[in-house]
Amino acid sequence: MDRRSPLPLVPTYDFLGVWTWNVTTGIVIACSDVCRYADIPIKAGIHGVSTERFLAAIHPDDHDALARSVEQALHGDDFFVAEYRITSTEHGTVRVRSMGRCFRDPSGNPTHISGHLSRVSAAQDVKADDDAVLADVIEHLIDARNAAESLSTPVLFKLISAVLLEAGYHIAALLRRN
């Protein structure tokens, strides 16, 4: 008989698509799925629309927290993570998580924040062995990040670091439950 305490519920994140925000011009470019969730015509969104146009789809109560997350990425550690509600005609109001990274010019000034949008799904039971699998995946990701650190281009290192950050959120959820 397994005497371990039951693990709590954790949300899941379903990948929706990618986006890029040009800090200088204020133009947001997004894939078709992100455009659908933001009620932006796809042809407009894939070529770029104003930041204000994208903000119009975000629940008004979530604007301040999102602005703080953007400021932290622009003036902090480069990582961008925010959870907020977005409203569209097709999907209604849904909770999403946006994760990305701030990119800078050679002088260190922010140029873009690029990332992906995921739909936050209802919490699900975590199987007892999920924490062991997650630990194994993280170990492999750390090895991959360490190997990528020596490459001449830092993009792969940064992408793996972003995935490790997401894994960290899952570990934190597991620890909170125990």
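Counting begins at 1 with the first residue of the sequence. Any value given below was found using the heavy atoms of this structure, including those in side chains, with hydrogens, waters and symmetry copies removed.
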**Student:** Which pair of non-hydrogen atoms, one from I46 and one from I29, has the smallest distance, and what is that distance?
**Tutor:** O-CG2, 3.4 Å
**Student:** Which atom names give the shortest non-hydrogen contact between M99 and W19, and what distance separates them?
**Tutor:** O-CZ2, 4.3 Å
**Student:** If I compare all heavy atoms of H75 with all of R104, which pair ends up nearest, and what's the gap?
**Tutor:** N-NH2, 4.2 Å
**Student:** What's the separation between atom CG in D78 and atom CD in Q72, rounded to the nearest 0.5 Å?
**Tutor:** 10.5 Å
**Student:** Decide yes or no for V23 and L74: does some side-chain heavy atom of the first lie under 4.5 Å from some side-chain heavy atom of the second?
**Tutor:** yes
**Student:** Donor-acceptor pair, S69 side chain versus V81 backbone, under 3.5 Å?
**Tutor:** yes
**Student:** Just jot down the side chain to side chain contact (heavy atoms under 4.5 Å, CB included) partners of E52, sequence neighbours excluded, or say none.
**Tutor:** S50
**Student:** Over all heavy atoms of both residues, which pair between C35 and A30 is shortest? Give the atoms and the distance, please.
**Tutor:** SG-O, 3.7 Å
**Student:** Decide yes or no for H116 and V34: does some side-chain heavy atom of the first lie under 4.5 Å from some side-chain heavy atom of the second?
**Tutor:** no
**Student:** Is the backbone of G26 close enough, under 3.5 Å, to the side chain of T51 for a donor and an acceptor to pair up by distance?
**Tutor:** yes
**Student:** Check whether any side-chain heavy atom of E83 sits under 4.5 Å from a side-chain heavy atom of V120, and report yes or no.
**Tutor:** yes
**Student:** So which heavy atom on H91 is nearest to which on S88, and how close?
**Tutor:** N-OG, 2.9 Å
**Student:** Between the side chains of Y84 and R97, is a donor N or O closer than 3.5 angstrom to an acceptor N or O?
**Tutor:** no
**Student:** With a 3.5 Å cut-off and no angle check, do the side chains of D39 and T89 form a donor-acceptor pair?
**Tutor:** yes
**Student:** Between CG of L117 and OG of S98, what distance do you get to the nearest 0.5 Å?
**Tutor:** 5.0 Å
**Student:** For residues H63 and I58, report the shortest heavy-atom separation together with the two atoms involved.
**Tutor:** NE2-O, 3.0 Å
**Student:** Under 3.5 Å, is there a donor-acceptor pair between the side chain of T25 and the main chain of I27?
**Tutor:** yes
**Student:** May I ask you to check whether H112 and F103 place their ring centres under 6.0 Å from each other?
**Tutor:** no
**Student:** Taking it one step at a time, do C102 and F80 satisfy side-chain contact (heavy atoms from CB on, under 4.5 Å)?
**Tutor:** CA-CA 7 Å; C102 181; F80 171 76; over 6 Å; no
**Student:** Would you indicate whether the side-chain heavy atoms of F15 and D33 approach each other to under 4.5 Å?
**Tutor:** no
**Student:** Quick one, R119 and Y37 - any side-chain contact, counting heavy atoms below 4.5 Å?
**Tutor:** yes
**Student:** Are side-chain heavy atoms of V96 and I86 found at a separation under 4.5 Å?
**Tutor:** yes
**Student:** If you round to the nearest 0.5 Å, how far is CG of D62 from CG of L55?
**Tutor:** 11.5 Å
**Student:** State whether F79 and R101 meet the cation-pi test: NZ (Lys) or CZ (Arg) under 6.0 Å from the six-membered ring centroid, and within 45° of the perpendicular axis.
**Tutor:** yes
**Student:** Do V28 and V18 sit in the same hydrophobic cluster, where Ile, Leu, Val, Met, Phe, Trp and Tyr count as joined when their side-chain heavy atoms come under 4.5 Å apart?
**Tutor:** no
